[in-house]
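Accompanying notes for the structure given below.
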Amino acid sequence: MVETPRRKRLATVWLAGCSGCHMSFLDLDEWLIDLADQADIVYSPVASDQKHYPKDVDIALVEGGVANTDNLELLQIVRQNTAVLVSFGDCAIHANIPGMRNMLQGADPVLRRAYLDLADASAQLPNAPGLIPALLEQVLPVHEVVPVDVYLPGCPPSAQRIRTVLEALLQDQCPDLRRGGEIRFG
Ligand code: SF4
């Protein structure tokens, strides 16, 4: 008897990014129907409001840099429970746009600049321990926090590039972004 291959468990994760990478994922349009035939989306900001990252995830696309303590905690949970972690987009790969705050050299100067120097009225630093996650001193790319298995560059990566990576991973193959010049950044 031929065994039916187990359906893949796919997650997408949103750290410090603009969600543009997720919008590009949605640009897969009708291929999302094919994807739904091959995989269960078990965690994603575009598919459900599930609060807790599940166990035994096969593939996770992680968008965004690591900017605060919530990002850090979630990313560690994702790594512990995911077989193939994809650094999804330029913010995940090299901090990119959220990383622009790194030039101010620390969380405190960033908060002072945003909430005191540039305030029109009611200048005050946010203070809600346990409610607002603390900023990290620097925004980090994903691979500086946990090991990454696959890099998917672009700001955002095109839908075609996302499809190329997912098609390979769904077949337990290593994606080849050199095909069709898809290795370019930007
Ligand atoms: Fe947005 Fe670009 Fe960052 Fe993706 S890589 S989250 S599109 S800024």
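Every number for a ligand or one of its atoms is a count from 1 in the order of the listing. Keep in mind the model is a prediction, meaning the values are calculated, not measured.
For Arg161 (side chain) and Leu177 (main-chain N/O), no donor-acceptor pair under 3.5 Å exists by modelled atom type. In this structure, the side chain of Ser19 does not engage the main chain of His22 through any donor-acceptor pair within 3.5 Å.
Counting only protein N, O or S atoms closer than 2.8 Å to atom 2 (Fe) of ligand 1 gives 1.
Which parts of ligand 1 touch Glu63 is read off a 4.0 Å heavy-atom cut-off, strictly below it: atoms 6 (S).
Of the listed residues (Arg112, Gln138, Arg113), just one forms a side-chain contact (heavy atoms from CB on, under 4.5 Å) with Leu104, and that residue is Arg113. Considering Val86, Leu74, Leu75, Thr12 as possible partners of Val62, the one that fulfils the side-chain contact (heavy atoms from CB on, under 4.5 Å) test is Leu75.
Taking 4.0 Å as the cut-off between side-chain N and carboxylate O, Asp172 and Lys8 count as a salt-bridged pair. The pair Asp149-Arg79 meets the salt-bridge criterion, since a charged nitrogen lies less than 4.0 angstrom from a carboxylate oxygen.
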